[in-house]
Amino acid sequence: MASTKGQVIKCKAAVAWEKSQPMTVEEIEVAPPKAKEIRIKVIAAGLCHSDLSGWKGILSQTNFPCVLGHEASGVVESVGEGITSVKEGDHVLSSFLPHCHECHLCKSPNTNLCMKLIESVGSNGTLADGTTRLSCKGKTLHHFISCSTFAEYAVLPDGFFTKIRKDAPMDKICLLSCGVTTGYGGPVKVAKVTPGSTCAVFGLGAVGLGAVMGCKRQGAGRIFGVDINNDKKEVAKLFGVTDFVNPKEHQKPIDQVLLEKTRQVGCDYAFECIGNLGVIQSALNACRLGEGQCVVIGVPAAGTTIAVDPMQLLFSKVLTGCFFGGLEPSEVPALVDDYMKKKIMLDEFITHKLPIEDINKAFESLIQGKTLKTVLHF
Ligand code: APR
Ligand code: ZN
Ligand code: ZN
């Protein structure tokens, strides 16, 4: 095949023209990568709830029109000047959480955050030089959290991708690019759940079930899975939930229910995997006095706040949170290895595989709670 290096590529993409409006699959132009950027051919793109939040316009960093998507596997098509970590033909996962190795956050061993993430979030949908690499019908398209992977080709800034082994199935490991890793890292990397402990995971989507899988891997003794959708009950057990609880089936608030089920002791760890303000409060309330940890993993709407009873903090409960499960992109290849060794599940998350033309159907199914993970192909 003739090289496309240095040329504008015309390809298929799902374009979100306006918030909450059906997307259309269009031919878009993807400009070549500039310095410190790469261009990838996207092989498989997972749909994450954050794409839905972006589409609804409730994340601060979504600008329309744009190409959504941030959970993908792909092959490097070309690299811009100054890129040394990958070359054409390498397999990569996109990473909305970057690592630049240079900023004060990257230099700290205590956080996976990077100033480039903060810049990306505040970028109004452009790349570092203030422009975008995407256009359609003469209109500029914005990037979405520096990924925009609902397109056959994507331009990713340096640090916003991870090189991975070539023998791993791209249509499965794309899940490690966000959702599953985001959930799994909560108990494994951030809370460091201890063997025999009692955990509660609120929200059993791909993120929540990733967290359940992490709790189980850490040797948790009891794992409450909390979800308002009873369809999640069976699949939750498969991932390691020992007690499924549907808040709608109880008269009392869910934190009270969990306290009763733990003889008023509470949970050692609670993971909020929805992005619901009320649930964050319930999760903290359901934590054990003196040492319970509540980890916020779901992303609430921008500009919203939670009200926390300071007594919960005076009782030495820990309220914390993380992006990307507290993991750095460099830790993702080890997760790919774990999948290849069957130490973590990925196949079980995938309920739908659809062509990009079915993007609106995929969003609708996620809204209706009928899917766990949809993987889109082109
Ligand atoms: N109480 C309990 N469960 C709830 C509630 C609630 N009030 N509201 C929603 N849920 C459940 C849904 O029924 C669903 O099973 O939370 C689950 C959310 O799953 P998905 O929609 O599949 O979302 P997911 O992709 O897992 O992402 C969850 O993490 O990355 C972030 O932005 C993302 O905030 C989102 C969260
Ligand atoms: Zn950095
Ligand atoms: Zn995501």
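Both counts, for ligands and for their atoms, begin at 1 and track the order of listing.
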### Task
State whether a side-chain donor-acceptor pair under 3.5 Å links Arg133 with Ser135.
no
### Query
Do ligand 1 and Lys232 have nitrogen or oxygen atoms that lie under 3.5 Å from each other?
yes
### Task
Say whether Ala206 and ligand 1 are in contact under the criterion: heavy-atom distance to a ligand atom below 4.0 Å.
yes
### Query
To the nearest 0.1 Å, how far is atom 19 (O) of ligand 1 from its closest protein heavy atom, and which atom is that?
Gly205 CA, 3.2 Å
### Query
What residue and heavy atom of the protein are closest to atom 16 (O) of ligand 1, and at what distance?
Gly203 CA, 3.4 Å
### Task
Hey, could you give me the CD/CG distance between Gln21 and Asn360, rounded to the nearest 0.5 Å?
10.0 Å
#### Entry: For Ser50, the ligand 1 atoms whose distance to one of its heavy atoms is below 4.0 Å
30 (O), 31 (C), 32 (O), 33 (C)
### Query
Closer than 2.8 Å to the Zn ion (ligand 3), do we get an N, O or S atom from Cys48, backbone or side chain?
yes
### Query
With a 3.5 Å cut-off and no angle check, do the side chains of Thr198 and Thr262 form a donor-acceptor pair?
no
### Task
Could you verify whether a donor N or O on one side chain and an acceptor N or O on the other, from Thr371 and Thr351, lie under 3.5 Å apart?
no
### Message
Measuring only between side-chain heavy atoms, which start at C-beta, is Leu127 closer than 4.5 Å to Glu37?
### Response
yes
### Task
Run the contact test for Cys273 against ligand 1 with a 4.0 Å cut-off on heavy atoms, strictly below, and give the result.
yes
### Structural part of Leu204 in contact with ligand 1, heavy atom criterion under 4.0 angstrom
backbone
### Query
For Glu77, which of Lys5, Lys87, Arg39 qualifies under salt bridge (charged side-chain N to carboxylate O under 4.0 Å, His left out)?
Arg39
### Task
Taking the Zn ion (ligand 2) as the vertex, measure the angle between atom SG in Cys106 and atom SG in Cys100; round to 10°.
120°
### Summary
ang(SG Cys114, the Zn ion (ligand 2), SG Cys103) rounded to 10° is 120°
### Query
How close do Thr126 and Thr132 get, heavy atom to heavy atom, and via which atoms?
CG2-CG2, 4.1 Å
### Task
Check each heavy atom of Thr371 against ligand 1 and say whether those closer than 4.0 Å belong to the side chain, the backbone, both or neither.
neither
### Message
If you round to 10 degrees, what value do you get for the angle at the Zn ion (ligand 3) between Cys178 atom SG and His70 atom NE2?
### Response
110°
### Task
Nearest heavy atom to atom 29 (O) of ligand 1 wins, so pick from Val207, Leu209, Leu366.
Val207
### Task
Distance to 0.1 Å, residue and atom name: give those for the protein heavy atom nearest to atom 11 (C) of ligand 1.
Asp227 OD2, 3.2 Å
### Task
In plain terms, say whether Lys34 and Asp129 are close enough for a salt bridge, that is, a side-chain N and a carboxylate O under 4.0 Å apart.
yes
### Task
Could you say whether the N/O atoms of Cys48 and ligand 1 ever approach to under 3.5 Å?
no
### Query
Under 3.5 Å, is there a donor-acceptor pair between the Glu249 and Asn230 side chains?
yes
### Message
Checking Asp51 against His70: is there a side-chain donor and acceptor pair closer than 3.5 Å?
### Response
yes
### Query
In terms of atom number and element, which parts of ligand 1 are under 4.0 angstrom from non-hydrogen atoms of Asn229?
13 (O)
#### Entry: Shortest protein contact, atom 7 (N) of ligand 1 (heavy atom only)
Val279 CG2, 3.6 Å
### Task
Mind checking whether Leu52 contacts ligand 1 via backbone (N, CA, C, O), side chain (CB onward), both or neither, at a 4.0 Å heavy-atom cut-off?
neither
### Query
Would Val265 end up clustered with Phe224 when hydrophobic side chains under 4.5 Å apart are linked, directly or stepwise?
no
### Query
Are any of the N/O atoms in His49 less than 3.5 Å from those in ligand 1?
yes
## Note on the structure
If you compare Thr374, Val296, Ile274, Ile254 by their heavy atoms, the one closest to atom 35 (C) of ligand 1 turns out to be Ile274
## Note on the structure
With Asp90 as partner, the option from Arg165, Lys163, Lys41 fulfilling salt bridge (charged side-chain N to carboxylate O under 4.0 Å, His left out) is Lys163
